[in-house]
Amino acid sequence: MANNGMMPVVKDVMRFEGITTRSMFGGIGYFQHDVMFLLVDDLRAYLRGGPKLTNELQDFGCQQYRYKKRIGYAKINYYDITDMHRFDRERVRLLFFKSIAIANRDKLQCREQARLRDLPNLQLSIERMLARIEVSDREALMVMGSGEAFRRLQSVYGNDLSITLLWKLEGAIQGVHFSLLTHSIKNKLLSKILPKTNHNLPYGH
C-alpha cells in the first residue's frame with residue numbers, strides 16, 4: 001500500500017455525485033458541488049475536519065496537514081486518513097458524509113465572505129488575479145498569507161506591482177480597510193518580501 005495508499009480513498013470519494021477536482025495548497029482538492037472536503041498531496045489523503053470530527057480524527061492519530069510556505073509551514077484543518085481508511089474503510093466512508101456536511105454548513109455561514117471580492121479592499125479584478133495563483137476563497141488567502149500571495153502575484157504579473165496591493169491583501173485577511181493597518185504591520189510585511197536595504201520604501205496609499 002505504500003505506493004498507492006491514497007488511491008482506495010480517492011476511489012471511494014469518486015463514488016459521490018458532483019465530484020470535481022482542482023489544485024489547492026500544492027496538492028489536489030476534491031469538491032462536491034463546489035465545496036472542498038478532501039485534499040490529496042504527496043500520496044496521502046487528508047479529510048476536512050470540524051466540530052467533533054476533528055477530535056475523532058485526532059483520537060485515531062490522524063496527522064494534521066502542513067502546508068509548506070516560502071518561509072515555514074501553516075497548518076490547515078485537514079487530517080491524514082490514508083492509514084485509517086486501510087484499517088477501517090466503512091468508518092471513514094461515514095466520516096466523508098460528516099465532513100461534507102460540515103463543509104456545506106461552513107459555506108452557508110460564510111456565504112457573505114466566500115467570494116474574495118466581498119472582502120474589504122478586494123474587487124473582481126483582484127479576485128481574478130488571485131485565481132492565477134490558486135487562491136479562490138478567504139480560507140485559501142488566510143492560509144497562504146498576504147506576503148506569500150503578493151510574492152506569487154509578482155511572479156505572474158512582475159515586480160512592479162503596487163505595494164498597496166500587499167496592504168489590501170492583509171487588510172482583507174484582517175477584515176479592515178487597508179488604511180487602518182499600522183506602520184508596524186506594514187514594516188513586518190515589507191520585511192518578508194523586500195531586501196533589508198529596501199525597507200524604507202514609501203508605504204503607498
> Do F178 and L165 belong together in a cluster built from hydrophobic side chains that touch within less than 4.5 Å?
Replying inline: yes
> Mind checking what makes salt bridge (Lys or Arg N to Asp or Glu O under 4.0 Å) contact with R117, not counting sequence neighbours?
Replying inline: E127
>> Please find the pair of heavy atoms, one from P120 and one from A172, that lie closest to each other, and give the distance.
In response: O-CB, 3.4 Å
>> Show the nearest heavy-atom pair for residues A45 and L38, with the distance to one decimal.
In response: CB-CD1, 4.4 Å
> Judged by atom type as modelled, is there a donor-acceptor pair below 3.5 Å linking the side chain of Q64 to the main-chain atoms of I76?
Replying inline: yes
>> Is there a continuous path of hydrophobic side-chain contacts, each under 4.5 Å between heavy atoms, that joins L189 to M144?
In response: yes
>> Are Y79 and Y46 an aromatic pair, judged by ring center distance below 6.0 Å?
In response: no
>> For D80, give me all partners under side-chain hydrogen bond (donor to acceptor under 3.5 Å, both in side chains), at least two apart in sequence or on another chain.
In response: R44, T82
> Between L43 and L47, is there a shared hydrophobic cluster once you connect ILVMFWY residues whose side-chain heavy atoms come closer than 4.5 Å?
Replying inline: yes
> Of all residues at least two apart in sequence or in a different chain, which pass the side-chain hydrogen bond (donor to acceptor under 3.5 Å, both in side chains) check with R89?
Replying inline: D12
> Which heavy-atom pair separates R132 from V156 by the least distance, and what is that distance?
Replying inline: NH2-CG1, 3.3 Å
>> For F96, is there any backbone N or O sitting under 3.5 Å from a side-chain donor or acceptor partner on R48?
In response: no
> Would R22 and E134 satisfy salt bridge (Lys or Arg N to Asp or Glu O under 4.0 Å), going step by step from the backbone distance to the final call?
Replying inline: CA-CA 9 Å; R22 63 174 178 259; E134 301 177 358; over 6 Å; no
> Does Q174 CD have over 12 foreign heavy atoms under 6.0 Å away?
Replying inline: yes
> Between E148 and R152, is there a side-chain N and carboxylate O pair less than 4.0 Å apart?
Replying inline: yes
>> Once side-chain hydrogen bond (donor to acceptor under 3.5 Å, both in side chains) is applied, do any residues pair with E90, and if so which ones, sequence neighbours excluded?
In response: R93
>> With side chain to side chain contact (heavy atoms under 4.5 Å, CB included) as the criterion, how do W167 and K186 come out once you've worked through the C-alpha distance, each side chain's angles and the decisive distance to 0.1 Å?
In response: CA-CA 7 Å; W167 312 148; K186 291 180 177 180; 3.6 Å; yes
> Looking only at heavy atoms, what is the nearest atom pair of L161 and Q154, with distance?
Replying inline: CD1-N, 3.8 Å
> Looking at I19 and Q32, what are the two nearest heavy atoms and their distance?
Replying inline: CD1-CB, 3.9 Å
>> Under a 3.5 Å distance rule, please check whether S99 uses its side chain to pair with a backbone N or O of L95 as donor and acceptor.
In response: no
> For I28, does its backbone N or O pair with a side-chain atom of D41 as donor and acceptor, under 3.5 Å?
Replying inline: no
> Sequence neighbours excluded, which residues qualify as ring pair (Phe, Tyr, Trp, His ring centres under 6.0 Å) partners of F150?
Replying inline: none
>> Quick one, E56 with R91, criterion salt bridge (Lys or Arg N to Asp or Glu O under 4.0 Å). Give me CA distance, side-chain angles, the key distance, then yes/no.
In response: CA-CA 11 Å; E56 187 172 351; R91 180 182 179 186; 3.4 Å; yes
>> Hydrophobic clustering (ILVMFWY, side-chain heavy atoms < 4.5 Å, transitive) - are I126 and L124 grouped together?
In response: no
>> Once ring pair (Phe, Tyr, Trp, His ring centres under 6.0 Å) is applied, do any residues pair with Y157, and if so which ones, sequence neighbours excluded?
In response: none
> For the side chain to side chain contact (heavy atoms under 4.5 Å, CB included) test, which of I102, N104, I100 pairs with F37?
Replying inline: I100
